[in-house]
Amino acid sequence: MGSDDGFIEIIDVTKAFGPADRRVYALGGVAATIRRGEFFTLLGPSGCGKTTLLRLIAGFELPTSGEIRLDGQEIGHLPPFRRPVNTVFQNYALFPHMTVAQNIGFGLEMLGKPKADIAATVERMLALVKMTDLAGRRTDQLSGGQQQRVALARALAPQPKVLLLDEPLSALDLKLRKEMQVELKRIQLETGITFIFVTHDQEEALTMSDRIAVMSGGKILQIGTPREIYAHPTNRFVADFIGETNFIRARVQGGKAIVGGEVEVPLPAAPAQGEVTLAIRPEHLRLVAKGTAGALTATVGDAVYFGTDSHVHLTLGDGTGIVVRQQTDPDGREGPAPGSVLGVSFPPAAVQVLED
Amino acid sequence: MRETEATREAAQVRRNWLLSLPALLLLAAGAIGPLFIMLIYSFLTPGKYGNVEWIFSLDAWRGILFTRDIFDETLKLADAHLTIFWRSVRLSFLTTVFTFVVGFPTAWFIATRPPRWRAFWLFLITIPFWTNLLIRTFAINQIIRNEGFLNTFLIKIGVISEPLNLLYTDLAVFLGMTYVYLPLMVLPLYAAIERFDHRLLEAGYDLYASRLAVLRRIIFPTVKPGIIAGSILVFIPSLGAYVTPRILGGGRNMMIGNFIDLQFGQGRNWPLGASLSVMLLVVVTAALLIYVRFANRDRGHG
Ligand SMILES: Nc1ncnc2c1ncn2[C@@H]1O[C@H](COP(=O)(O)OP(=O)(O)O)[C@@H](O)[C@H]1O
Ligand SMILES: [Mg+2]
């Protein structure tokens with residue numbers, strides 16, 4: 001039994017495709033530790049290797065190097081039918097020649113469970129995903145959302161230690177997707193099964209996950225809770241991919257970052273010397289009068305009105321474009337006039353120093 | 001408004017029927033006509049030198065299963081006929097099973113090649129169709145006869161010392177039919193497998209199915225229409241095969257087709273030939289219906 005802290009351990013896993021002379025690395029050295037009962041999300045743009053990592057855990061691909069441990073046991077080289085791991089496929093992959101109930105019972109049947117147990121579990125799963133009425137339907141007579149539920153029930157029925165979900169909601173329309181996000185969360189809490197969830201939708205990742213691994217180019221760039229990832233991105237890609245961010249170049253001098261030669265920002269862990277990139281979220285910037293102490297001087301460009309807030313685009317002295325998110329005034333006043341020069345201030349805590 | 005539309009539609013339907021009338025007549029004359037003649041002939045009396053005499057008789061139908069003893073004129077089961085029927089059914093069944101066993105992996109192989117290669121492999125499968133059946137069958141004859149390629153080769157490499165007596169055996173007929181009808185099994189199987197969603201395999205493995213279980217529980221049920229079509233396309237022509245048993249089975253290892261031919265030739269018993277033909281048709285149709293019903297019955301059961 002592994003500790004709860006390291007339920008699934010992915011240890012320096014690489015995966016290459018193609019012949020030896022034209023190898024393409026889909027994963028180039030990935031390490032992660034996933035806790036028992038966690039809702040863990042792999043987030044990243046298309047082609048970054050999320051599916052590949054999931055398929056390695058499921059056993060559909062074998063790692064080129066590295067290890068995958070589940071509950072302390074190396075499983076990276078077992079065939080899929082020997083791993084206590086089930087998958088909800090992106091296209092659902094329901095068996096077209098079986099009914100809903102037969103689909104859900106298939107895994108248990110293959111495990112050789114007694115018929116009565118299978119029937120009972122299938123009943124429970126049908127209730128869990130609210131599909132009891134459609135138990136006898138053929139799967140090609142179901143809507144996308146219903147197929148999704150069957151796929152989920154089918155993967156949960158054998159009570160796997162880990163459930164893998166590869167962009168399960170991407171085929172659903174927005175309303176249904178929101179509903180299923182809530183459902184998935186509920187089901188995960190009810191069953192207590194560890195979920196590894198793949199998505200390229202940052203909002204989905206932020207709202208659903210206990211922890212997120214942000215991936216890019218076959219690597220994991222940062223792992224953390226949604227709050228950590230959003231508030232303290234460690235590199236430019238993460239900061240840019242999740243939410244909106246302003247990037248401002250700064251010179252480091254004596255433990256402080258100097259922006260535009262005018263404003264000093266105290267840094268918690270500053271590199272000794274040189275240039276750094278600072279990330280500041282648009283909602284942490286304030287428009288103030290020109291010349292206010294600690295504020296950057298900026299020229300107002302255009303503003304985009306969103307109802308609850310508006311995004312004001314400004315240009316700093318060195319030509320860097322930044323965005324300030326301003327709450328809409330209750331009295332409905334217009335924002336600052338284009339062309340006017342203002343100050344932009346921010347609390348020091350809002351500044352993130354990025355690794356380049 | 002409504003009325004005129006209905007009338008116009010009715011006129012359209014009439015016109016459609018009228019237009020297809022020549023084709024329908026041709027079909028009736030070509031397909032049903034000969035059958036009808038067969039049916040009538042099967043109730044007549046054989047003429048002395050072939051042909052028929054217009055005297056009603058049930059002898060031809062009785063003759064399918066019974067012969068009249070030459071001495072005391074009692075009816076006895078015609079063992080020779082039963083042997084021929086049994087051989088036909090058995091060889092056709094074996095041929096169907098064996099073409100499936102060989103054809104399934106072949107079709108699977110082709111369907112899993114990259115799309116641009118599939119046409120090439122299918123083309124290879126269809127090459128035998130370019131040559132006349134007679135010539136292909138004679139080629140097999142050449143390969144398996146005592147001094148043929150196979151025996152010479154096996155003796156050369158020392159596996160056997162005496163030639164295997166393959167030609168003019170049931171085994172030869174079976175091999176020949178398997179060879180001849182294999183493409184008819186491969187093509188419908190290919191069509192079904194090509195449509196098979198290969199992601200279902202991963203779903204199967206993911207749900208703890210072994211490779212064998214995936215084959216039995218997921219692949220076979222999903223490509224069943226192809227299996228049914230292939231089996232029908234092989235079994236029916238096998239049952240009525242004429243050329244292959246003639247050339248590879250010699251005169252003794254007759255199948256129904258040869259037996260019917262015999263009645264219209266040396267046998268000079270056209271009514272018996274006719275009743276045998278009608279019986280073959282009825283049996284095949286019945287078998288087909290039962291098979292299709294049976295194959296579709298457990299839909300969803302796996
Ligand atoms: N079977 C494969 N053969 C070759 N390249 C592959 C294969 N599977 C994935 N790749 C490549 O690996 C990279 C990552 O793919 P994938 O894991 O599917 O990304 P994601 O799921 O994040 O969109 C892509 O560049 C893709 O082209
Ligand atoms: Mg993917």
Side-chain angles (χ1 to χ4, degrees), chain A residues 51 54-55 57-61 78-113 118 125 135-141 147 150-160 162-166, chain B residues 100 104-105 107-109 111-117 188-232 291-302:
Chain A
T51 297
L54 213 63
R55 290 172 59 81
I57 300 172
F60 302 134
E61 310 277 0
L78 297 178
F81 49 86
R82 297 260 171 68
R83 303 186 188 201
V85 171
N86 286 147
T87 307
V88 177
F89 294 87
Q90 184 167 5
N91 64 337
Y92 316 135
L94 298 177
F95 303 127
H97 56 291
M98 296 184 198
T99 64
V100 167
Q102 285 165 344
N103 263 281
I104 297 175
F106 186 81
L108 294 165
E109 206 181 315
M110 290 299 115
L111 287 172
K113 296 277 189 259
I118 297 177
M125 288 300 136
R137 281 274 182 94
R138 292 264 309 280
T139 55
D140 50 11
Q141 301 163 337
Q147 291 188 23
V150 178
L152 191 61
R154 184 180 70 174
L156 285 169
Q159 284 165 313
V162 184
L163 189 74
L164 308 175
L165 305 101
D166 191 357
Chain B
F100 175 73
F104 189 84
W108 187 270
F109 174 83
T112 49
R113 289 315 92 193
R116 65 205 159 86
W117 279 100
L189 280 179
Y190 165 79
I193 295 172
E194 202 209 7
R195 266 180 283 125
F196 178 75
D197 180 357
H198 286 256
R199 289 169 293 200
L200 295 182
L201 300 182
E202 291 191 342
Y205 293 134
D206 192 58
L207 293 161
Y208 314 104
S210 62
R211 288 179 180 85
L212 189 66
V214 165
L215 185 68
R216 277 190 44 241
R217 296 292 311 277
I218 297 169
I219 298 175
F220 283 169
T222 326
V223 302
K224 197 150 72 180
I227 300 178
I228 293 176
S231 305
I232 290 173
Y291 179 59
V292 171
R293 175 75 52 87
F294 171 78
N296 280 332
R297 186 201 53 182
D298 56 354
R299 168 158 235 170
H301 176 76

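Order of the sequence lines sets the chain letters (A, B, ...), proteins ahead of strands, with each chain counted from 1. Fair warning: this is a prediction, and the values are worked out from it, not measured in the lab.
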Please report the C-alpha distance between A:Thr139 and A:Phe95 in whole Å, then the side-chain angles of each, then the deciding distance to 0.1 Å, and finally whether the side-chain contact (heavy atoms from CB on, under 4.5 Å) criterion is met. CA-CA 7 Å; A:Thr139 55; A:Phe95 303 127; over 6 Å; no
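- More than 12 heavy atoms of other residues, nucleotides or ligands lie within 6.0 Å of CZ in B:Arg113, so this atom counts as buried by the packing criterion.
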Passes side-chain contact (heavy atoms from CB on, under 4.5 Å), B:Tyr208 versus A:Asn86? Steps please. CA-CA 9 Å; B:Tyr208 314 104; A:Asn86 286 147; 3.3 Å; yes
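- Proximity to chain B is limited to the backbone of A:Arg83, based on heavy atoms less than 4.5 angstrom apart.
- The contact between A:Leu94 and chain B is made entirely by backbone atoms, counting heavy-atom distances below 4.5 Å.
- Residues of residues 190-197 of chain B having a heavy atom under 4.5 Å from any heavy atom of chain A, listed by number: B:Asp197.
- Residues B:Phe104 and B:Val223 have side chains in contact (heavy-atom distance under 4.5 Å, counting atoms from C-beta outward).
- Judged by distance alone, the side chain of A:His97 and the main-chain N or O of B:Arg217 form a donor-acceptor pair under 3.5 Å.
- What you find for A:Tyr92 and A:Arg154 is that their closest heavy atoms are O-NH2, 3.2 Å.
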Going through the distances and angles, do A:Phe89 and B:Arg199 end up as a side-chain contact (heavy atoms from CB on, under 4.5 Å)? CA-CA 9 Å; A:Phe89 294 87; B:Arg199 289 169 293 200; 5.7 Å; no
